[in-house]
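Note that the coordinates shown come from a computational prediction; the quantities given were computed from them, not determined experimentally. Numbering of ligands and ligand atoms starts at 1, following listing order. Residue numbers count from 1 along this sequence.
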Amino acid sequence: MSDTQTVDITSLNPEEKKEGYHLEPVRKDYMTNLKPDRRGFITNFPNFQHWSVEGRDTKLEPSTKPLNLYLHIPYCIQRCSYCYYRTENINGKERRRQIDAYVNALCKEIDLAVARFELNKRPLVSVYFGGGTPSLMEAEHFQQIFAKLHQHFNFEEDTELTIEAEPVTLTQRKADVLKELGVTRISMGVQSFDDEIIKHSNRLDTAKKALKAIEIAQSTGATVNIDLMSGLAGESTETWHKSLNTAIESGVDSITVYKMDLYANTPYYKSILREGLNLPTDEEELEFMQYALDRFKEEDYQPWSFFTFTKNGENKHKHSPSLWRGDDLYSFGSSAFGILGNWHFQNYNDTDVYIDSIEKGVVPISRGCDMNALEEMTRAVVLGMKLVSMDLDHFQNRFGFRLEKLCKTAIDELVAEGKVELTDKELRLTQLGVLHGDYAGKYLSRALLSNG
Ligand SMILES: C[S@@+](CC[C@H](N)C(=O)[O-])C[C@H]1O[C@@H](n2cnc3c(N)ncnc32)[C@H](O)[C@@H]1O
Ligand code: SF4
């Protein structure tokens, strides 16, 4: 996530509650149960419940619209205690063999999808390697995949090339190869600079290793982003301040702060039920984020989204924002999901089934969903508000309506709550709106859908 893809968690929501901490990761239905807090990061719309096997076949007109590419690497070197992503741990001798097989499949999938959807005729905005942990691949795997991409696509001078990395896996040799391949952005999951918290999260990093990896990433000349997570087990005001300030002092180009959302498929969740693990409360986490916002303001890290803050407002990345604004994204890899026009699609989750489909020469799409006009508009709002500001003229040009008229009551209420500001040109999250994450976007999308 930094800007990445997630598993379908809609079916995992547990109903259990534990004193002081409600075990509801993403509220099942924010349409009826919306609260002004930071829970429930929206990853997609319409949500996966609406995607079906029948929906995987669609009729698409040939398009020359700009394209983004996503490549999913579903492997990690450990299972982090909080992580809900669909990933597989691979280590030891099997690792190389498994990744070799996966990368071969990925390259064949690129051939199949390019042929079926005529993807190669379009300008390339961005290429994003997400996971899992792409940086656990060997330099040769990157070379193989990039060679395949160059075979089909025309990279433009300003095509953004991002790799997600976990610090311990980023060696200088790999970084040098990434530089040669033209990688322009490295996004690293650091999560915390406190060794106890890192250890408790079951990660193999330390603060020292993370700082070293940041230096290595910076040595490539690429833009460097790091992810921190607020709300990890063991976090206190003191540890949070230390982490945040270390992140700022490292001089990275952008810092992303994710609220730790609790999901039923995580070791954290099991530890809460079995061992009474205590996590920071939602109120404490809000205080952590408020501190982050204050420090970012002092250091001129400006909000590019409600969770990514870029130094002096520069080096704004293109990949996820492009997707949130409604641009096309083709995604390769097991469980990867993408969008072409108003059609969403997702590949098989199971890596063996995914590889099997490719070996049979079939594009490995398992399900899809065509959006109607109202869903498309709702998507533009709920995902678009992540970018802090919504351009109202742009919205009108795209959909034919003024958003401030369609959602007048909801906008008035959000203004009264101090979450948004409205001008002739834009609807903008206030500092409080930024603090509360997806809340304003959800509020507006609820209004749109209930009008529709
Ligand atoms: C694919 S990982 C980043 C790269 C690499 N796998 C790593 O962890 O270093 C994307 C990000 O998702 C975030 N993440 C994982 N589980 C999360 C959760 N339960 N709630 C919020 N963010 C989460 C973490 O900040 C992580 O850095
Ligand atoms: S390394 Fe990243 S993707 Fe893998 S389990 Fe940890 S947080 Fe999740």
Check each heavy atom of [X] against ligand 1 and say whether those closer than 4.0 Å belong to the side chain, the backbone, both or neither.
{"X": "Q191", "result": "side chain"}
{"X": "E164", "result": "side chain"}
{"X": "F41", "result": "neither"}
{"X": "Y82", "result": "both"}
{"X": "A165", "result": "backbone"}

- prompt: Hey, what do you get for CG (L432) to CD (E421), rounding to the nearest 0.5 Å?
  reply: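 CD of E421 is found 11.0 Å from CG of L432.
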query: Just how far is it from atom CZ of R38 to atom OH of Y439, taken to the nearest 0.5 Å?
result: 15.0 Å
message: Quick check on G131 - does any of its heavy atoms sit under 4.0 Å from an atom of ligand 1?
response: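 It does, in that a heavy atom of G131 comes within the 4.0 Å cut-off of ligand 1.
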message: Does the residue M188 have a heavy-atom contact with ligand 1, meaning some pair of atoms that are separated by less than 4.0 Å?
response: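 Outside the 4.0 Å threshold, so no.
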query: Which bit of E166 gets closer than 4.0 Å to ligand 2, counting heavy atoms only: side chain, backbone, both or neither?
result: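 For E166, the contact with ligand 2 is made by the side chain alone.
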Could you tell me whether [X] and [Y] make a salt bridge, using a distance below 4.0 angstrom between a side-chain N and a carboxylate O?
{"X": "D195", "Y": "K199", "value": "no"}
{"X": "D327", "Y": "R325", "value": "no"}
{"X": "D253", "Y": "R185", "value": "no"}
{"X": "R173", "Y": "E140", "value": "yes"}

[X] heavy atoms, cut-off 4.0 Å: which ligand 1 atoms fall inside?
{"X": "K259", "result": "20 (N), 21 (C)"}
{"X": "R203", "result": "7 (C), 8 (O), 9 (O)"}
{"X": "M229", "result": "17 (C), 18 (C), 20 (N), 21 (C), 22 (N), 23 (C), 24 (C), 25 (O)"}

- request: Indicate yes or no: does an N/O atom of G132 lie under 3.5 Å from an N/O atom of ligand 1?
  value: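 In this structure, G132 places an N or O atom under 3.5 Å from an N or O of ligand 1.
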field: Test of proximity, Y85 against ligand 1: N or O pairs below 3.5 Å
entry: yes
message: Distance under 4.0 Å to a non-hydrogen atom of R203: what atoms of ligand 2 satisfy this?
response: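 The list of qualifying atoms is 1 (S), 6 (Fe), 7 (S).
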task: Given salt bridge (Lys or Arg N to Asp or Glu O under 4.0 Å), test R39 with D261 step by step and report yes or no.
output: CA-CA 6 Å; R39 283 217 192 168; D261 264 331; 5.7 Å; no
message: Could you check whether Y354 and Y102 have their ring centres less than 6.0 Å apart?
response: yes
message: Quick check on the 6.0 Å ring-centre criterion: do F146 and F129 meet it?
response: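 Yes, close enough.
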query: What class does the angle between the rings of F307 and W324 fall in, given that below 30° is parallel, 30 to 60° is tilted and above 60° is perpendicular?
result: perpendicular
- prompt: Residues in ring-ring contact (aromatic ring centres under 6.0 Å, His included) with F117, at least two apart?
  reply: Y330, W343
- prompt: With a cut-off of 2.8 Å, which protein N/O/S atoms are close to atom 8 (Fe) of ligand 2, if we only count those under it?
  reply: C83 SG
Any pair counted as ring-ring contact (aromatic ring centres under 6.0 Å, His included), so long as it reaches residues 221-248, sequence neighbours left out: W240-F288, H241-Y291
message: Under the rule for side-chain contact (heavy atoms from CB on, under 4.5 Å), what residues qualify as partners of N44, not counting sequence neighbours?
response: F48, W51, F337, H344, R379
